[in-house]
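Notes follow the structure.
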Amino acid sequence: MILAVIGGKGGVGKSTVAFELAAALDAVCVDADLGMADLPARRGPDLHDVLAGRATPIEAVDESGPVDLLPCGRTLAGARGCEPTALSEVLERVAAEYDRAVVDCPAGLGRDSGAALAAADACLVVTTRERAALSDALRARELARTLDAGLVAVVVNFASDPGDVRERFGAPAVALPESVAIARAARHGLTLGEIAPDGAVTARIDELATLVQRSVSSV
Amino acid sequence: MVTLTTRTRRERGVTLVACRLRNDAPEPRVARVASQMEPPGTAPPRHAGEDATLRVTVPGNAVVGTGFATPAEPSEPSARLIETERPTEEPGDAAVVAGLSDPRPPSTEDGSLALEARFADSEARIERLAAVAAATTVPAATRALDDEGGLAAVEALNEQVAKDRERLLAVADRALTLAGRAEAAEPPMDALERLS
């Protein structure tokens, strides 16, 4: 199963949601933000190396942290040397080996996001309630539809209730309230389940994980 | 064979129709689902043609969810499976992906030029928006709106400038970080000179 976490706009919390969801689903988290990686860096080969043919997808998966992570390089030179369309195949290889992959897609709808969506079985759109974020999220959902990645749910980040997002997107909407714990967890490469197992946000992440499992289960 | 089950839920004046398509056959099928509601609903299917149908690819031996929303009151049947067909080799995903923008940063030689061009673009947009903002009288505001091509155009410009602002801040951020690193990377030249 490959789940793409998309949003269109930067800064809406895609990476954090992807990381937490990967933890909840026991999946590999793939940091596909080729130009602006923001999940914790680890040692060893990264996605830049994989997309440039210097490493295989499997050897780039780091299993040392609380979540298996295929990190992304942070250099411009590395980003320049990538073949973004090769991302589809990379994700398929990871999913074949680890069963589940959650992809943290970059902001903007470039070929890298497209390649992730093309490989994905389903997607999760992350937005805030700001207008610019919502219109980018609608565009992201359009691209996902074109590429046949079913929309599992819309995550309305930094909000206590989803407002009219459910109606606007025609999909389940889950609000994630602003949380100090989640920000702190992500910064330290920890999962929310580890530092705040009983928190409200943890419960919402679990709710999202259940939605994902329900909508992409095979017969 | 593909079968369709639906579930409707009424919420805040909108009926949400959830559709589950199950394909028992090993081969993938493309299913067309038609809304039976009046009005058929638009939020989405945005891709629905005039006949308000959803086209969904259902892989072999799999269940796929889709759905739509409509202001109509719930009624049965809410949606109907009109037909299924074998997936055609459309100008597939690869072509769609190839049509998207290249996310790779430009090479260093044209990098600074590209950055200059982006600054110039942003500056032009900011000036245009400032001109609209500066209109304080009704006739001036009307003229400014007309110059930009109407309210929707100003809204779009406003959104674009908000994005410009974000990008500019990101560039500034990066520049500051790099400058900081440049400072920290300065070796103690005096001590090194004594070593050689």
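Remember, it's a predicted structure, so these values are computed and weren't measured experimentally. Every chain is numbered from 1, with letters handed out A, B, ... down the list of sequences. Atom set for the values below is all heavy atoms of this structure, side chains included, hydrogens, waters and symmetry mates excluded.
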Residue, of [options], that accumulates the most heavy atom pairs under 4.5 Å with chain B:
options                                  : value
Ala77(A), Ala132(A), Pro84(A), Gly11(A)  : Pro84(A)
Leu147(A), Asp136(A), Thr85(A)           : Leu147(A)
Cys82(A), Gly10(A), Gly150(A), Pro172(A) : Cys82(A)

Selection from Thr66(B), Val14(B), Asp102(B), Val64(B) maximising heavy-atom pairs under 4.5 Å formed with chain A: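 Most heavy-atom pairs within the cutoff with chain A belong to Asp102(B).
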
Between Leu16(B), Val56(B), Thr57(B), the one whose heavy-atom pairs under 4.5 Å with chain A are most numerous: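 Sorted descending by pairs with chain A, the first entry is Thr57(B).
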
Heavy-atom side-chain contact between Leu143(A) and Leu100(B) under 4.5 Å: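 Touching, per the 4.5 Å side-chain cut-off.
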
pair Lys163(B)-Lys9(A): side-chain heavy atoms closer than 4.5 Å: no

Are more than 12 heavy atoms, taken from residues, nucleotides or ligands other than [X], located less than 6.0 Å from that residue's [atom1] atom?
X         : atom1 : result
Arg54(A)  : CZ    : yes
Glu207(A) : CD    : yes
Arg10(B)  : CZ    : yes

Interface moiety of Ala18(B) toward chain A, non-hydrogen atoms closer than 4.5 Å: neither

Residue Arg9(B) versus chain A: region with a heavy atom under 4.5 Å: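 Just its side chain gets close to chain A.
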
Salt-bridge criterion met for Asp148(A) and Arg55(B) (N-O under 4.0 Å):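 Arg55(B) and Asp148(A): not salt-bridged.
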
Glu11(B) backbone acceptor or donor facing Arg166(A) side chain under 3.5 Å: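 No, the answer is negative, given that no donor and acceptor are paired below the 3.5 Å cut-off.
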
Arg104(B) side chain vs Ala79(A) backbone, donor-acceptor pair below 3.5 Å: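 It does not hold such a pair.
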
Contact summary for Val97(B) and Arg111(A), nearest pair of heavy atoms: O-CG, 2.9 Å

Contacting region of Ser135(A) [heavy-atom separation from chain B under 4.5 Å]: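 Just the side chain, heavy atoms under 4.5 Å.
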
Glu130(A) portion near chain B, given a 4.5 angstrom heavy-atom threshold: neither

Verdict with reasoning, Arg145(A) to Leu54(B), per side-chain contact (heavy atoms from CB on, under 4.5 Å): CA-CA 11 Å; Arg145(A) 189 182 278 277; Leu54(B) 287 166; 3.7 Å; yes

